[in-house]
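The structure appears below as structure tokens.
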Amino acid sequence: MPPANPPQYDLLVIGGGINGAGIARDAAGRGLRVLIVEQGDLAAATSQWSTKLIHGGLRYLEQFEFRLVRESLAEREVVLHQAPHIVEPLAFVLPHEPHLRPAWMLRAGLFLYDHLGKRETLPGSFGVELAGTKWGAGLKPQFRKGFVYSDARVDDARLVVFNVMDARERGADVRVRTKLVAARRERGASGPLWRATLAAPDGASVEVTAKVIVNVAGPWVKQVRDAINGTPSRENVRHVKGSHIVVPRVHAGDHAYILQNADKRIVFVIPYQDYYTLIGTTDVPVDAFEHPAITPEEIDYLLQLANTYLAQPLAKKDVVWTFSGIRPLYDDGSSDPSSITRDYVFKLDAGESGDAPALSIYGGKITTYRKLAEHALDEIAAYLPPMRPTWTKQATLPGGDLPAGGLAAWLAELAHRYPAFPMELLRGLVRRHGTRVTAILGDAKGSAALGEDFGHGLTAAEIDYLVREEWARTGDDVLWRRTKCGLGMTDAQRARVAAYVAACVAKAVATAA
């Protein structure tokens with residue numbers, strides 16, 4: 001039987017993607033009692049399958065999404081400062097194709113991009129000669145002129161994890177692999193509330209109560225909204241699949257390319273994980289969204305566009321990895337999936353007068369997650385206890401409190417502290433953990449102290465930490481979300497990691513029992 005007095009929360013956040021993580025963190029830091037539940041692993045759906053960019057969205061200017069671009073550009077600066085260990089500036093080269101967009105249009109768009117938001121860290125845009133310069137590295141010689149502008153790239157899944165870690169450190173209750181089964185409105189002694197039934201990882205049924213539910217279930221947002229309200233909502237979500245391919249590094253430069261296509265879409269070509277290049281994304285409307293996968297047609301589309309620009313052509317055999325994600329966009333009636341708004345949309349269901357409310361959130365971008373969280377709490381503030389003031393704009397995320405000189409200075413300090421460790425190992429750990437890397441290395445004097453080496457910089461000590469501190473429960477959690485070490489591994493190496501993670505989890509469960 002469920003307890004007569006289940007745990008009580010101010011806020012129940014459904015969904016452990018970037019938006020749910022940001023809301024839980026913000027709310028916990030304002031003194032609310034917060035529970036965040038995620039049916040799978042953190043960032044396991046949309047948030048880990050992005051193009052890994054913190055950007056204003058240059059192409060959204062053509063769709064007159066000025067508010068979204070302005071907010072994104074402002075938030076780009078915030079995220080660069082709050083997570084300098086996993087976010088870094090990145091220059092983008094836009095080769096000029098006169099028959100697609102005239103030079104005056106590109107200059108006007110980049111001028112707006114430079115000035116719509118408050119730009120502090122990144123340089124402004126400028127024109128360049130491509131032929132014979134570093135900016136044209138890897139391109140066909142026919143592309144002679146272009147433009148350079150700046151944005152940033154991010155380890156998307158780790159951004160989610162760090163937000164949830166911060167939420168936990170500020171008092172939030174975090175439950176992964178826990179699914180919302182049902183929720184009903186009640187009138188409690190302290191006022192209206194939700195009584196929610198959750199399915200725990202072991203299958204047990206658990207009840208909790210909350211004053212407000214925030215539904216940030218991503219692709220499942222409509223299903224959750226309809227379930228908790230008991231009736232179908234009028235608003236719909238558009239599921240748009242975005243797919244990417246990863247190939248061996250196509251150029252030696254540190255910059256990325258943004259390529260124009262005749263269909264007016266753009267595709268990014270981005271240096272990725274030192275030895276690879278990430279190419280994406282597509283925009284394909286889909287109905288089935290639970291297990292997205294790239295199609296042969298999408299691979300052909302990305303390769304064809306890349307080969308229009310690249311000097312060394314790519315073939316299907318060059319593709320070493322693919323991934324696809326579902327964007328849960330608000331259905332604004334647009335027939336073109338590329339034109340559907342990427343802005344976030346709130347729908348507040350307050351029920352009858354005096355009932356507990358539920359806020360459902362459609363859309364959103366990784367770049368604007370922090371601002372979305374502030375807006376969400378503003379939307380439901382009247383239903384919650386008094387909150388402390390906004391605070392996240394100036395606060396760094398776990399691991400982001402780097403010394404003066406940034407990541408390079410911190411890496412140099414670690415090399416001094418741990419002279420017996422290979423620099424490549426330290427660099428990988430720093431990129432993933434920032435200042436928290438010392439929680440893994442401790443007082444180790446050499447690599448042997450870190451336990452088994454699984455390859456590509458992944459050791460038993462790091463896996464132990466990821467299981468203990470970051471909710472990792474499977475090999476995929478470790479290989480593809482907490483790290484990207486799986487990309488360069490063999491099947492046998494990945495299987496060995498999965499077996500080790502399973503043993504770690506079993507040991508943790510036995511110890512807890």
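Quick note: numbers below take in every heavy atom, side chains included, and nothing from hydrogens, waters or symmetry partners.
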For Y149, all residues meeting ring-ring contact (aromatic ring centres under 6.0 Å, His included), sequence neighbours excluded: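 So Y149 forms a ring-ring contact (aromatic ring centres under 6.0 Å, His included) with F92, Y113.
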Y276: partners by ring-ring contact (aromatic ring centres under 6.0 Å, His included), with sequence neighbours left out: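 Partners of Y276 by the ring-ring contact (aromatic ring centres under 6.0 Å, His included) criterion come out as none, since no residue qualifies.
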In plain terms, say whether [X] and [Y] are close enough for a salt bridge, that is, a side-chain N and a carboxylate O under 4.0 Å apart.
X    : Y    : answer
E469 : R168 : yes
R225 : E235 : yes
K145 : E129 : yes
E169 : R436 : yes
R119 : E77  : no

Any sub-3.5 Å donor-acceptor pair from [X]'s side-chain atoms to [Y]'s backbone N or O?
X    : Y    : answer
S324 : P292 : no
W480 : G486 : no
T367 : H55  : yes
R153 : P271 : yes

How about [X] and [Y]: do any of their side-chain heavy atoms sit closer than 4.5 Å?
X    : Y    : result
Q48  : D41  : no
L458 : M489 : yes
S150 : P123 : yes
V237 : P219 : no
D151 : I54  : no
L377 : L11  : yes
V13  : V216 : yes
T435 : H85  : no

What heavy-atom pair brings [X] and [Y] nearest, and what distance separates the two atoms?
X    : Y    : result
V224 : A217 : CG2-CB, 3.8 Å
N307 : P313 : OD1-CA, 3.3 Å
R25  : A395 : NH2-O, 3.4 Å
I23  : A376 : CD1-CB, 4.0 Å
P89  : L122 : CB-CD2, 3.5 Å
L278 : V246 : CD1-CG2, 3.8 Å

Between Y369 and N163, a side-chain donor and acceptor under 3.5 Å: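 Short answer, yes.
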H433 side chain to E462 side chain, donor-acceptor N/O pair below 3.5 angstrom: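 Checked: H433/E462 side chains pair up, N/O donor to acceptor below 3.5 Å.
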E75: which of R370, R70, K371 passes side-chain hydrogen bond (donor to acceptor under 3.5 Å, both in side chains):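 Looking at R370, R70, K371, the match for E75 under the side-chain hydrogen bond (donor to acceptor under 3.5 Å, both in side chains) is R370.
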Heavy-atom count around [X] [atom1] within 6.0 Å, excluding the residue itself: above 12?
X    : atom1 : value
Q312 : CD    : no
E424 : CD    : no
Q304 : CD    : no
K134 : NZ    : no
F64  : CZ    : no

Among all residues two or more places apart in sequence or in another chain, which pass the salt bridge (charged side-chain N to carboxylate O under 4.0 Å, His left out) test with [X]?
X    : answer
K316 : D300
D226 : K222
D343 : R67

For the pair [X] and [Y], name the ring-plane relationship: parallel under 30°, tilted 30 to 60°, perpendicular over 60°.
X    : Y    : result
Y362 : Y330 : perpendicular
F289 : W220 : perpendicular
F147 : H96  : perpendicular

Evaluation steps, side chain to side chain contact (heavy atoms under 4.5 Å, CB included), between S72 and K365: CA-CA 8 Å; S72 298; K365 299 167 71 255; 3.5 Å; yes
Over-ring placement of K52 relative to F323, 6.0 Å and 45° cut-offs: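 Geometry flag: set, cation within 6.0 Å and 45°.
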cation_pi(R158, F162) dist<6.0 Å, angle<=45: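 Yes, a cation-pi geometry.
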For Y272, the option from R249, H244, K484 that meets side-chain contact (heavy atoms from CB on, under 4.5 Å):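 Only one option passes, and that is K484.
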Pairs where residues 251-263 contributes a residue and the test side chain to side chain donor-acceptor pair (under 3.5 Å) is met, not counting sequence neighbours: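 Of all non-adjacent pairs touching residues 251-263, those that pass side chain to side chain donor-acceptor pair (under 3.5 Å) are R101-Q260, H255-Y257, N261-D263, N261-Y301, D263-Y301.
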